[in-house]
S.K.: 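Let me begin by handing over the structure; questions about it come next.
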Number of protein chains: 2
Amino acid sequence: MSENVLQDDPFRQIERATVSDAIVDQLRALIAGGTLKPGDRLPSERDLCKRFGVGRTSVREALKPLIAMGLLEGRVGSGTFVAAESGQFQKPLQWGLLGDLQSQDDLVETRHMLETNAAFWAALRAEPENLAAIEATLQGMAANLTNPDEFQEFDANFHFEIARAAQNKMLYRLINVIRGQIQTWIGERLTLAPDQAQSFAHTSLAQHRQIFAAIQAGDSDAARAAMDHHIQTATADLRRITK
Amino acid sequence: MSENVLQDDPFRQIERATVSDAIVDQLRALIAGGTLKPGDRLPSERDLCKRFGVGRTSVREALKPLIAMGLLEGRVGSGTFVAAESGQFQKPLQWGLLGDLQSQDDLVETRHMLETNAAFWAALRAEPENLAAIEATLQGMAANLTNPDEFQEFDANFHFEIARAAQNKMLYRLINVIRGQIQTWIGERLTLAPDQAQSFAHTSLAQHRQIFAAIQAGDSDAARAAMDHHIQTATADLRRITK
DNA sequence: TTTCTAAAATTGGTCTGACCAGCTGGCCAA
DNA sequence: TTGGCCAGCTGGTCAGACCAATTTTAGAAA
């Protein structure tokens, strides 16, 4: 066996501890840097092997964690794709934060805390485009009072846009993650009482408008209070359904 | 080609989409359930292959994500171990929450929000053993006013215990994660100004005592205010160092 | 030409078996 | 007893093969 690999390779860059970690770093940087955008397809595993000059095992072991964290998405027969930004890190955050929660109470309470603060800061920091985005979701809700699914979509986006307007990326991401759980919970409840969905929608829209007004006015305390009231009543209403 | 695949397959148990994901779920459950405790050594990969009845590839691809999330730790020649609980999910959470933050501001702000609320709830929910644990950290700080490292350790634990006393697991975990970053930041600053460490310690201890008093008294608003004041001044003091 | 279909090529998922480089523990010589 | 060595573990990597899902292609049918 002549395994002498004296290549034309005078001095190589220092290698990471493990090959796959080095690949992870590289891919992560490509995604974070925007070279690989959501929806993009990566070269096939066999291609990546050649490009990186490593075995397929290493490539796959690098992709696995990225897939597990929701940065990538593997589809057999089709390829590996960069996941939508909203889904990134969703899974590990869910594992870490929601993995083994005994009750919904922690979740609801934490959400309340995050969102009231988001409203507070949004009132102080919202840029014109943030306000426009929030208002757009209000219009969307108004136009879909009778379509529960659509309405919920705009509802969620309303809270999203407020989180974004708070100009705190970390807060935004936390709300983003928790929202997923909350959304599921809301959906379940509404399915149980479809007849109430419309009345909920009316109440909800009115409260959303109050929140928006406070944010637009730059009144942070009012915004916090309005969001507090909204979440309190909405939570109470939804909880009542099961009983 | 008449590939008629009429097997003797009456009703199969539903299999997970992929083998490795199933293994991930199983291992994750074992860790979350406490069957595998931090520090425990897993069977060797080759053993796991036999036990699960799968190839080594699948086992390794299951371990990889768990290692990447900090739940497991692989040591060549030695084995794979369950990581310390404090380190679990630290990495993905850091990637997800702190990965590409432009400034420390988001971090500090979020921490402020989380901890003030933790103090608030702790005042309402702290059990006797929580109070005892918090008080113990106060004594530890008092006994280590001249040992910066020790003092910081007790300082961190003080905030930890308050988070625990708030009886919200999710909040606790968030603080847990963010604390790591904050701790690093504090350490850096104090190293720059070791002469000020002692005066900081005195101020800090006094404020901690106020917080504890409010929690002990069950005065949630006072506890929140005291924590707010503490974090505000501590942050400002530390920021001043760099300038 | 257009449309539909079936085979071929491609892709991620899995298995096997092999080798490497660290680490462990026990054996043996000094 | 002490010191050093070596065999046998472990995780990390590689190569080649097969599977099933999917896409692409090419040919047949309209």
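Below, all heavy atoms of this structure are taken into account, side chains as well, without hydrogens, waters or symmetry copies. Letters A, B, ... are given to chains in the order of the sequence lines, protein chains preceding strands, and every chain is numbered from 1.
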S.K.: Could you check whether any side-chain heavy atom of R189(B) comes within less than 4.5 Å of a side-chain heavy atom of R239(B), counting everything from C-beta outward?
M.R.: no

S.K.: Does OP1 or OP2 of dG12(D) have a side-chain N or O of S58(A) closer than 4.0 Å?
M.R.: no

S.K.: Name the orientation class of the two ring planes belonging to H208(A) and H159(A) (parallel below 30°, tilted from 30 to 60°, perpendicular beyond 60°).
M.R.: perpendicular

S.K.: Between the base of dG12(C) and the side chain of R46(A), is one N or O donor paired with an acceptor at under 3.5 angstrom?
M.R.: yes

S.K.: Could you tell me whether G55(A) contacts a base, only the sugar-phosphate backbone, or nothing, with contacts defined as non-hydrogen atoms closer than 4.0 Å?
M.R.: sugar-phosphate

S.K.: Tell me the interatomic distance from L42(A), atom CG, to dG13(C), atom P, rounded to whole angstroms.
M.R.: 12 Å

S.K.: Measure CG/L48(B) against C1'/dT10(D) and give the value in whole Å, please.
M.R.: 12 Å

S.K.: Once ring-ring contact (aromatic ring centres under 6.0 Å, His included) is applied, do any residues pair with F151(B), and if so which ones, sequence neighbours excluded?
M.R.: none

S.K.: When the distance from NZ of K64(B) to P of dG13(C) is rounded to whole Å, what number comes out?
M.R.: 16 Å

S.K.: What nucleotide, of dG12(D), dT14(C), dG12(C), holds the atom closest to the side chain of V76(B)?
M.R.: dG12(D)

S.K.: Rounded to the Å, how far apart are R60(B) CZ and dG13(C) P?
M.R.: 16 Å

S.K.: If I take atom NZ in residue K50(A) and atom P in nucleotide dC14(D), what distance separates them, rounded to the nearest angstrom?
M.R.: 15 Å

S.K.: For the pair made of CD in E61(A) and C1' in dG13(C), what is the distance, rounded to whole Å?
M.R.: 13 Å

S.K.: Quick one: D21(A) CG to dG12(D) C1', roughly how many Å, whole number?
M.R.: 10 Å

S.K.: Using only heavy-atom distances, determine whether the side chains of N130(A) and Q167(A) contain a donor-acceptor pair under 3.5 Å.
M.R.: yes

S.K.: Ignoring the backbone of T80(A), work out which of dT13(D), dG12(C), dC23(C) is nearest its side chain.
M.R.: dG12(C)

S.K.: Closest-nucleotide mapping onto DNA chain D: is T57(A) or E45(B) further toward the 5' terminus? I mean the 5' end.
M.R.: E45(B)

S.K.: Is S44(B) near enough to dC9(D) that one of its side-chain N or O atoms lies under 4.0 angstrom from OP1 or OP2?
M.R.: no

S.K.: Measuring from atom CG of D155(B) to atom CD of E153(B), what distance do you get when rounded to the nearest 0.5 angstrom?
M.R.: 10.0 Å

S.K.: Once you round it to whole Å, what is the distance between P of dG13(C) and CZ of R56(A)?
M.R.: 8 Å

